[in-house]
Amino acid sequence: MSAQVQKQIVNLSPSQRAWMRFRSNRRGYYSLWLFSILLVLSLFAEVLCNDKPLLISYDGEWYSPVFHAYPETTFGGDFETEADYSDPYVRELISSGDNWFIDPLIPYSYNTINFVSELPNPAPPSENNMLGTDDRGRDVFARLLYGFRISVLFALSLTAIGVLIGIVAGAVQGYFSGKTDLVMQRLIEVWSSMPELYLLIIFSSIFQPSIWLLIILLSMFGWMGLSDYVRAEFLRGRNLDYVRAAKAMGLSNFAIMRHHLLPNSMTPVITFLPFRISGSILALTSLDFLGLGVPPSTPSLGELLSQGKENIEAWWLSLSTFLVLVGTLMLLIFIGEALREALDTRKN
């Protein structure tokens, strides 16, 4: 390495050096890009996989059924209800004369049933359904795409809430220590001994299953592991010279915790983020597999795995879901390993 390059590296900020170390890990860097691309594509699942046309030109007017519901009478039909765009009669109406429409890449949504399939459901991969259909005739690829989006957004929400609560609890314990730390640690030990799965079963039987109910219940327990790391970092840093100097200058406890201790305690938090996300995805998949997760009509990776278990001969259900789940977890693990190495200051 030349002297000029070494000088440029020395002049970099710690965050810039960490980013350079992260980029040097090609596996983690490309995994981040691939995971980001898949997430962005899943956010536009309604545009990629839908049983409604993206755009319709009818009698000189423009219509977008993906974003607005139009009755069948709008296109010369007989019913006031929303048009069924998979009906050959409706498709013939909106394509008559100079009218035209643009279909999505995959003409199926997560709940679209393929009534024209010649094979019994679950049907194997075919020209119409590239990954086959499930036991109700719904397209597997569409359900995988929508299920991937729900799983990732659920994991991100659960991780964000857990990180926020864990940082606050660990910071208060570590900074004030003494009786505050002792009391909070005993409360955490009592709370962590609660049977989480039993509580999920009880609340699932009382309330209607929903994604928000799962987020609330799981976030009540998901912060305790992270708070231990934050607590240890604050305990280590509360007696350092720069913290004592800040106290001598009259800074408030909140200002010291926020501006001095917290930035230096974020290394374990950032390092464990991908692993916490992967754990949340696994938790949602497991609960859906057991029937304790989202409602049955919601696209879910766990529900597809459950269908694969019930239909052993339908190998495309289990195989496709397994590949999506394992591929997602592998990408997150590679990102986590790259972050851990990037935040290791001993690395050059």
Side-chain angles (χ1 to χ4, degrees), residues 36-154 210-211 288 294-301 303-304 307 311 314 316-317 320-321 324:
S36 301
I37 292 173
L38 293 176
L39 177 58
V40 171
L41 290 177
S42 68
L43 294 178
F44 294 93
E46 285 80 5
V47 178
L48 298 175
C49 299
N50 211 318
D51 55 0
K52 301 176 182 179
L54 299 177
L55 187 64
I56 296 177
S57 175
Y58 186 82
D59 289 345
E61 298 290 337
W62 299 92
Y63 301 94
S64 180
V66 173
F67 304 103
H68 300 282
Y70 303 104
E72 187 178 306
T73 54
T74 305
F75 309 108
D78 302 322
F79 301 103
E80 293 290 343
T81 56
E82 184 178 0
D84 182 7
Y85 300 97
S86 60
D87 187 350
Y89 173 71
V90 176
R91 298 180 72 87
E92 184 179 353
L93 286 176
I94 61 179
S95 61
S96 61
D98 295 332
N99 304 320
W100 52 269
F101 61 92
I102 301 176
D103 272 330
L105 185 63
I106 306 296
Y108 302 101
S109 184
Y110 66 90
N111 57 355
T112 305
I113 299 177
N114 186 3
F115 291 103
V116 298
S117 177
E118 299 179 356
L119 298 173
N121 296 316
S126 62
E127 183 179 353
N128 294 328
N129 305 98
M130 64 173 65
L131 293 180
T133 61
D134 63 2
D135 56 2
R136 300 182 185 179
R138 299 170 296 191
D139 187 73
V140 174
F141 181 86
R143 292 189 68 81
L144 283 175
L145 183 61
Y146 282 86
F148 172 81
R149 179 177 67 178
I150 289 178
S151 298
V152 174
L153 294 181
F154 170 85
S210 67
I211 196 73
D288 289 338
V294 296
S297 60
T298 307
S300 165
L301 300 180
E303 190 260 349
L304 281 173
Q307 287 194 34
N311 303 273
W316 54 91
L317 291 174
S320 58
T321 310
V324 170

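Just so it is clear, the model here is predicted, and its values are computed rather than measured.
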**Report entry** Beyond-backbone contact of Asp134 with Asn121, side-chain heavy atoms, under 4.5 angstrom
**Finding:** no
Requested in this report: Evaluate the side-chain contact (heavy atoms from CB on, under 4.5 Å) criterion for residues Ile150 and Leu301: first the C-alpha distance (whole Å), next the side-chain angles of each, then the deciding distance (0.1 Å), finally the verdict.
Outcome: CA-CA 9 Å; Ile150 289 178; Leu301 300 180; over 6 Å; no
Report summary line: Distance col, row Asp288:CG vs Thr298:OG1, nearest 0.5 angstrom, shows 8.0 Å
Report task. Output the distance between atom CG (Leu93) and atom OH (Tyr85), rounded to the nearest 0.5 Å. Result -> 11.5 Å
Query raised in the report: Asn129 versus Val140: any side-chain heavy-atom pair under 4.5 Å?
Result: no
Query raised in the report: If you look at every heavy atom in Pro122 and Thr133, which pair is closest and at what distance?
Result: CB-O, 3.2 Å
Query raised in the report: Does a salt bridge link Arg136 with Glu303, judged by any charged N lying under 4.0 Å from a carboxylate O?
Result: no
Requested in this report: Rounded to the nearest 0.5 Å, what's the gap from CZ on Arg149 to CG on Leu41? Could you check?
Outcome: 11.5 Å
Report task. Provide the closest heavy-atom pair for Glu46 versus Val66 in the form atom of the first, atom of the second, distance. Result -> O-CG1, 4.1 Å
Report task. First locate atom CG of Asp139, then atom CD1 of Ile113, and finally report the distance between them rounded to the nearest 0.5 Å. Result -> 12.0 Å
Query raised in the report: Is the count of non-hydrogen atoms from other residues, nucleotides or ligands lying under 6.0 Å from Tyr89 atom OH greater than 12?
Result: yes
Query raised in the report: Taking everything shown except Glu92 itself, do over 12 heavy atoms lie less than 6.0 Å from its CD?
Result: no
Report task. Taking ring pair (Phe, Tyr, Trp, His ring centres under 6.0 Å) as the test, write out the residues that go with Tyr146, two or more places apart. Result -> Tyr110
Query raised in the report: Within the side chain of Trp316, is there an N or O that forms a donor-acceptor pair under 3.5 Å with the backbone of Met130?
Result: no
Identify every side-chain donor-acceptor pair in residues 68-80 under 3.5 Å, counting partners at least two apart or on other chains, and give the distances.
residue: Tyr70; atom: OH; partner: Ser64; partner atom: N; Å: 3.3
residue: Glu72; atom: OE2; partner: Asp78; partner atom: N; Å: 3.2
residue: Thr74; atom: OG1; partner: Pro71; partner atom: O; Å: 3.1

Report task. Assess the side chains of Asn114 and Asn128: does a donor N or O sit below 3.5 Å from an acceptor N or O? Result -> no
**Report entry** Min side-chain heavy-atom separation Ser42-Val152 under 4.5 Å
**Finding:** no
Can you give me every donor-acceptor pair (side chain of residues 98-108, partner residue at least two apart or in another chain, under 3.5 Å) with its distance?
residue: Asn99; atom: OD1; partner: Asp59; partner atom: N; Å: 2.8
residue: Asn99; atom: ND2; partner: Ser96; partner atom: O; Å: 3.0
residue: Asp103; atom: OD2; partner: Arg91; partner atom: NH2; Å: 2.5

Query raised in the report: Is any side-chain heavy atom of Asn111 closer than 4.5 Å to a side-chain heavy atom of Ser297?
Result: no
Requested in this report: Say whether Ser86 and Asp51, considering side chains only, have a donor N or O and an acceptor N or O under 3.5 Å apart.
Outcome: no
Query raised in the report: Cys49 and Ala142: which non-hydrogen atoms are nearest, and at how many Å?
Result: CB-CB, 4.1 Å
**Report entry** Spacing of Gln307 atom CD and Arg143 atom CZ [to the nearest 0.5 Å]
**Finding:** 6.5 Å
Query - Nearest-0.5 Å distance that lies between atom CZ in Phe141 and atom CG in Leu131 - result: 6.5 Å
